[in-house]
Each structure stands twice: as C-alpha cells, then as structure tokens.
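Remember, predicted model here, so these are calculated numbers, not experimental data.
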Amino acid sequence: MDVKEILNPKWLLIGVGSLMFLAALSGVMDGQSWAESGWGKENVAEHDAEYEQMWALHLMPLAAMSIATGLLVRGKALAQMAIAAAASTAVFIGGGMLYLTNESGYGSDQGSMIFVMLFLLGLVGASGYLHKDDE
C-alpha cells in the first residue's frame, strides 16, 4: 500500500471534519471550561464563556463543509477542494488564531491540540496534492 492510497482526500476530509465538528461541539457545550483553559480560571470574566461558545460555533460550518465536500465532490475537484480547505483552515487556525491569541495573552492548555489539527490539515492538503491529477 503506497502513500497515495493511504492519503485519500475523501476520507481525510470526512475524518478531520468530524474531529473538528466534535471539538467545536465541545466548545459550544462547555464554553466555561474552554474560557478557563484559555484565560486562566482566576481571569475569566462573565462573558468569556459566551465568546468561547461563539468561536466554537463559527468553526462548525468549516467542519460541516469539510464533511460535505468529502461526501459530495469527486475526482480532480475533490483534490482541489482538499488543498483549498487545508490551506484556508490552516491560515485561519495557525496563522490567525494561534498568532492572535498568543499576542493577547490567551494561553490555552490545548495548544498541542492546535498543532495536531494543523498536522491533520497538512495531511489533507498533501492528499489533495497527491490526487490532483486524478480523473
């Protein structure tokens, strides 16, 4: 089994999208613990849990689009969408959220989770690149 067979954009988009959806659902359901994780338990204002819930809610459509793309798109377009989804989400999470949260003093206990998600997005992008010439 070669790497092209393993890195299938359909299943990676569905799998990574499902993980993102579950992580976002966790943030919507328990914004308070996400706020405490990010700002520190003693530094959480009354509205911070709601902000965490709203940010998590904003990630849900990205996850849903990833799952829908994996289910509905085929061939070369699927590979192109895998590359586009990975690049845009990596810029959003890594370039935007990671940088801006560090600049504002938001120190999440879940920093390793961000790097795992960036790694998975890298796999999604690589799968798209490997399949870019498929029919």
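- When side chains are defined from C-beta on, E52 counts as touching W39, because their heavy atoms get closer than 4.5 Å.
- L25 and L59 fall into different hydrophobic clusters, defined by Ile, Leu, Val, Met, Phe, Trp and Tyr side-chain heavy atoms under 4.5 Å apart, directly or through other members.
- Residue M60 comes nearest to A24 through the heavy atom pair CG-CB, 3.6 Å, listed as atom of the first residue, atom of the second, then distance.
- Taken from CE in M81 to CD1 in I83, the straight-line distance is 11.0 Å, to the nearest 0.5 Å.
- Ionic pairing of D134 and K4 is present here: one or more N-O contacts between side-chain nitrogen and carboxylate oxygen are shorter than 4.0 angstrom.
- Shown here is E5, whose CD atom has more than 12 heavy atoms of other residues, nucleotides or ligands within 6.0 Å.
- The heavy-atom pair separating F21 from A63 by the smallest distance is N-CB, 3.5 Å.
- The side-chain heavy atoms of T89 and M117, taken from C-beta on, include no pair separated by under 4.5 Å.
- Shortest non-hydrogen contact noted between A45 and D48 is N-OD2, 2.7 Å.
- Residues T69 and K10 are not in side-chain contact: their nearest non-hydrogen atoms beyond the backbone lie 4.5 Å or more apart.
- Closest non-hydrogen pair, A82 versus P9, comes out as CB-CB, 4.0 Å.
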**Study point:** CA sep, side-chain torsions, deciding dist, call: D2, I6, side chain to side chain contact (heavy atoms under 4.5 Å, CB included)
**Key:** CA-CA 7 Å; D2 68 341; I6 295 169; over 6 Å; no
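- Note: L13 CG to L78 CG = 6.0 Å, rounded to the nearest 0.5 Å.
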Point to revise | Criterion side chain to side chain contact (heavy atoms under 4.5 Å, CB included) on V44 and Q32, from CA distance to verdict | key: CA-CA 8 Å; V44 174; Q32 183 67 32; 3.8 Å; yes
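- In this structure, the side chains of I14 and S66 stay at 4.5 Å or more apart for every pair of heavy atoms.
- Here the shortest heavy-atom pairing between L130 and V3 reads CD1-CG1, 3.7 Å.
- To the nearest 0.5 Å, atom CG of residue L7 and atom OH of residue Y129 are 13.5 Å apart.
- The 12-atom threshold is exceeded at CE of M54, counting heavy atoms of other residues, nucleotides or ligands nearer than 6.0 Å.
- Side chains of V16 and L123 form no contact here, defined as non-hydrogen atoms less than 4.5 Å apart.
- Side-chain heavy atoms closer than 4.5 Å link hydrophobic residues (I, L, V, M, F, W, Y) into clusters, and following such links, even through other members, never connects F119 to V91.
- A donor-acceptor pair under 3.5 Å links the side-chain atoms of Q53 to the main chain of V28, judged by distance alone.
- The CG atom of L19 lies 9.5 Å from the CD1 atom of I67; values are rounded to the nearest 0.5 Å.
- W34 and Y51 fall into different hydrophobic clusters, where Ile, Leu, Val, Met, Phe, Trp and Tyr are joined by side-chain heavy atoms under 4.5 Å apart, directly or via other members.
- In this structure, S127 and L12 approach most closely via the heavy-atom pair CB-CD1, 3.6 Å.
- Residue M65 is not grouped with residue F92 when hydrophobic side chains (ILVMFWY) are merged at heavy-atom distances under 4.5 angstrom, including chains of intermediate members.
- Here K76 contributes atom NZ and H131 contributes atom NE2; the two are 14.5 Å apart, rounded to the nearest 0.5 Å.
- Hydrophobic clustering (ILVMFWY, side-chain heavy atoms < 4.5 Å, transitive): M20 and F115 are in one cluster.
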